[in-house]
Amino acid sequence: MASEVKGIENLISARKSLKISLEKSKTIGIALQKAGPRLDEINQRLPSLEGAVRPIRAPKEALDAVGGHINRAVVPAAAVLKVFDAIHGLEKSLLSDPGSDLPGYLSVLKRLEEALRFLGDNCGMAIQWLEDIVEYLEDNSVADTRYLSNLKMSLKSLRELQKDEERDRLDGGLLDAAFDKLEGEFRRLLTENSVPLPMSSSSSLGEQACIAPSPLPVNVIQKMQAIIGRLTANDRLEKCISIYVEVRSSNVRASLQALDLDYLEISVSEFNDVQSIEGYIAQWGKHLEFAVKHLFEAEYNLCIDVFERIGLDVWMGCFAKISAQAGILAFLQFGKTVTESKKDPIKLLKLLDIFSSLNKLRLDFNRLFGGTACIEIQNLTRDLIKRVIDGACEIFWELLLQVELQRQNPPPPDGSVPKLVSFVTDYCNRLLSDDYKPILTQVLVIHRSWKQEKFQERLLIDAVLNIVKAVEVNLETWLKAYDDKMLSSLFMMSNHWHLYKHLKGTKLGDLLGEAKIKEHEQYKEYYAVIYLRESWGKLPSLLSREGLILFSGGRATARDLVKKRLKAFNQAFDEMYKKQSNWVVSDKELRGKTCQLIVQAIVPVYRSYMQNYGPLVEQDASSSKYAKYTAQSLEKMLISLFLPKPGRYGSFNGKFNNAVSDQYHSSPTANT
């Protein structure tokens with residue numbers, strides 16, 4: 001029994017042992033099953049691990065020797081990498097708006113520039129040391145050749161980045177982006193603080209201050225100077241100048257818009273003569289003075305304030321561009337257009353006005369536009385002055401010829417004062433006035449100096465006096481052209497009176513002298529007497545009383561004589577009145593006096609005659625044929641004589657201009 005029990009126990013023990021073994025085997029199987037994929041993974045990684053280990057397959061002694069070389073190359077390379085990291089740290093600040101903190105922005109930008117300079121100075125050295133260690137590894141077969149080849153290619157790429165044209169890649173374009181931001185801030189500061197000069201109207205130009213104040217606040221100028229300094233240090237000044245010229249020239253143009261300067265663009269083909277644009281020429285002088293003294297003066301000073309630290313050439317060049325783009329060239333071109341217009345006497349006065357305006361601004365022009373950068377403005381100004389002086393002198397010296405050319409034209413058929421006479425007296429007085437004589441003298445002096453000739457004031461005086469003498473010769477010539485002695489006498493009476501009245505107390509009259517002026521008055525009286533004697537003075541004799549007393553006893557006979565004499569008077573009066581009703585006495589005072597002389601010569605005689613003998617015919621059935629007029633109706637008719645008619649004969653300016661034009665067409669300088 002005991003043995004059986006023991007055997008059973010052994011079986012149970014073996015069973016347990018077998019069961020445990022089976023469970024261990026199962027566990028091992030599961031573990032092996034799980035280890036399979038890991039072994040596959042290890043198996044797959046072995047080639048790469050082998051490749052990573054292969055470059056440093058070398059004896060321990062060789063590896064120990066190369067350690068020092070590697071450390072010396074890696075240290076500077078690591079420093080360069082730290083700088084790259086620092087640059088990336090500046091990126092957020094430099095891509096922000098500079099306007100919020102310009103000094104801080106410029107400080108960060110300066111750090112970027114310093115970092116880039118460090119990279120520029122040290123990258124090459126770090127690359128060189130890395131190239132040296134690669135060469136060492138290659139010479140001592142410390143590393144795998146494929147590995148060394150990859151290193152060489154990387155170092156070659158780094159070396160190419162060191163070339164000057166590739167240096168901007170060191171910061172990934174951050175520096176250029178920062179400069180763009182600064183240029184944008186420069187434009188913002190300039191635009192927001194550039195305000196057109198306020199003006200109520202062009203008529204108030206003379207009330208403006210002589211020199212406009214600096215149009216930008218000091219703190220704004222300081223900020224702009226700081227930006228310019230950074231941009232200049234990095235060869236970005238041209239873009240900065242371009243922005244400045246664009247904004248400031250636009251601001252000047254905006255200031256000028258209130259003046260309505262469209263007339264500056266007018267061409268010669270758009271007007272017939274200078275008189276049609278006379279008003280524009282007067283405006284031109286005021287507008288040019290305003291532009292120079294207010295706008296360009298301010299821009300000149302501002303260019304100095306903003307760019308003076310950069311240098312004279314820079315700020316002068318900047319001002320020259322602003323002036324050209326803002327409109328100074330258009331002002332000069334308008335003056336040139338006037339000089340190219342058709343020649344006539346009024347043009348001389350307008351050329352003198354232009355010269356006066358330019359001469360008044362001569363010192364300003366020399367100071368503002370005297371630099372080499374303003375050479376175009378200087379050339380155009382000199383050309384304009386030469387054209388003005390040449391044109392003015394040419395017209396002045398030819399005035400005498402043009403007056404003489406009028407001599408061949410017929411006199412006015414109405415006996416009035418020719419436009420030539422009235423124009424010349426007024427025109428010569430204007431030339432001799434305080435407004436024009438000094439300018440004309442200066443122009444003549446300059447013109448003769450160009451020809452190495454001296455000018456004497458007597459030349460100007462003699463030229464004017466010769467023009468007046470030519471007018472007098474014209475009058476004598478026209479006197480002979482009339483077939484009617486009455487009309488010729490009326491013509492000369494009117495013209496001598498005009499000369500007397502318009503010369504007395506004038507500059508021209510002072511030149512001619514009192515005796516000459518008195519002579520015109522005497523001639524007026526002389527021709528008035530002749531006129532009255534040859535015309536209306538003959539009518540009173542037709543109302544003769546001869547025979548009427550003798551036949552007082554014979555009423556019928558007396559009536560016949562009165563009828564006959566009244567009929568003759570009426571016929572002569574009607575013919576005279578009809579003829580002279582188309583004649584003109586231009587001067588109102590002279591016309592009134594002449595009419596009164598005629599009335600005094602006719603009406604009292606007629607009134608007395610009709611009072612004494614009128615009753616003889618008034619009771620007759622045909623009395624209206626003889627008692628045709630009353631004394632009052634005669635007087636009314638006579639005082640209405642010689643009134644100017646609308647559109648009466650002649651237009652001196654037109655005729656004179658045509659003569660000038662015809663004469664000048666043969667001249668190669670017709671449009672000077």
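All residue numbers refer to positions in the sequence shown, counting from 1.
Taking the side chain as every heavy atom from C-beta outward, F642 and L590 never approach each other to under 4.5 Å.
Applying the salt bridge (Lys or Arg N to Asp or Glu O under 4.0 Å) test to residues at least two apart or on different chains, none of the pairs has a partner in residues 253-262.
Side chains of Y300 and W315: a donor-acceptor N/O pair is absent below 3.5 angstrom, by distance only. Side-chain atoms of D414 and S416 include a donor-acceptor pair closer than 3.5 Å. No hydrogens or angles considered: a donor-acceptor pair under 3.5 Å links the side chains of H520 and E472.
Salt bridge status for K437 with E457: present, with a side-chain N to carboxylate O gap under 4.0 Å. A salt bridge is defined here as a Lys NZ or Arg NE, NH1 or NH2 lying under 4.0 Å from an Asp or Glu carboxylate O, and D353 with K350 meets this definition. Between E521 and K524, none of the side-chain N atoms (NZ, or NE/NH1/NH2) sits under 4.0 Å from a carboxylate O, so this pair counts as no salt bridge. Taking 4.0 Å as the cut-off between side-chain N and carboxylate O, K516 and E519 count as a salt-bridged pair. A salt bridge between D434 and K507 is present, with a side-chain N of the basic residue lying under 4.0 Å from a carboxylate O of the acidic one. Salt-bridge annotation for D587 and K501: present, with a side-chain N of the basic residue lying under 4.0 Å from a carboxylate O of the acidic one.
In this structure a side-chain-to-backbone donor-acceptor pair under 3.5 Å is present from W478 to N409.
Annotation for K504: atom NZ does not count as buried by contact number, only 12 or fewer foreign heavy atoms lying within 6.0 Å.
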Residues 238-250, side-chain donor-acceptor partners within the protein, below 3.5 Å, at least two apart:
unit_1: E246; atom_1: OE1; unit_2: R187; atom_2: NH1; d: 3.4
unit_1: E246; atom_1: OE1; unit_2: R187; atom_2: NH2; d: 3.2
unit_1: E246; atom_1: OE2; unit_2: R187; atom_2: NH1; d: 3.2
unit_1: R248; atom_1: NE; unit_2: E299; atom_2: OE1; d: 3.1
unit_1: R248; atom_1: NE; unit_2: E299; atom_2: OE2; d: 3.3
unit_1: R248; atom_1: NH1; unit_2: S194; atom_2: OG; d: 2.7
unit_1: R248; atom_1: NH2; unit_2: E299; atom_2: OE2; d: 2.5
unit_1: S249; atom_1: OG; unit_2: V245; atom_2: O; d: 2.5
unit_1: S249; atom_1: OG; unit_2: E246; atom_2: O; d: 3.3

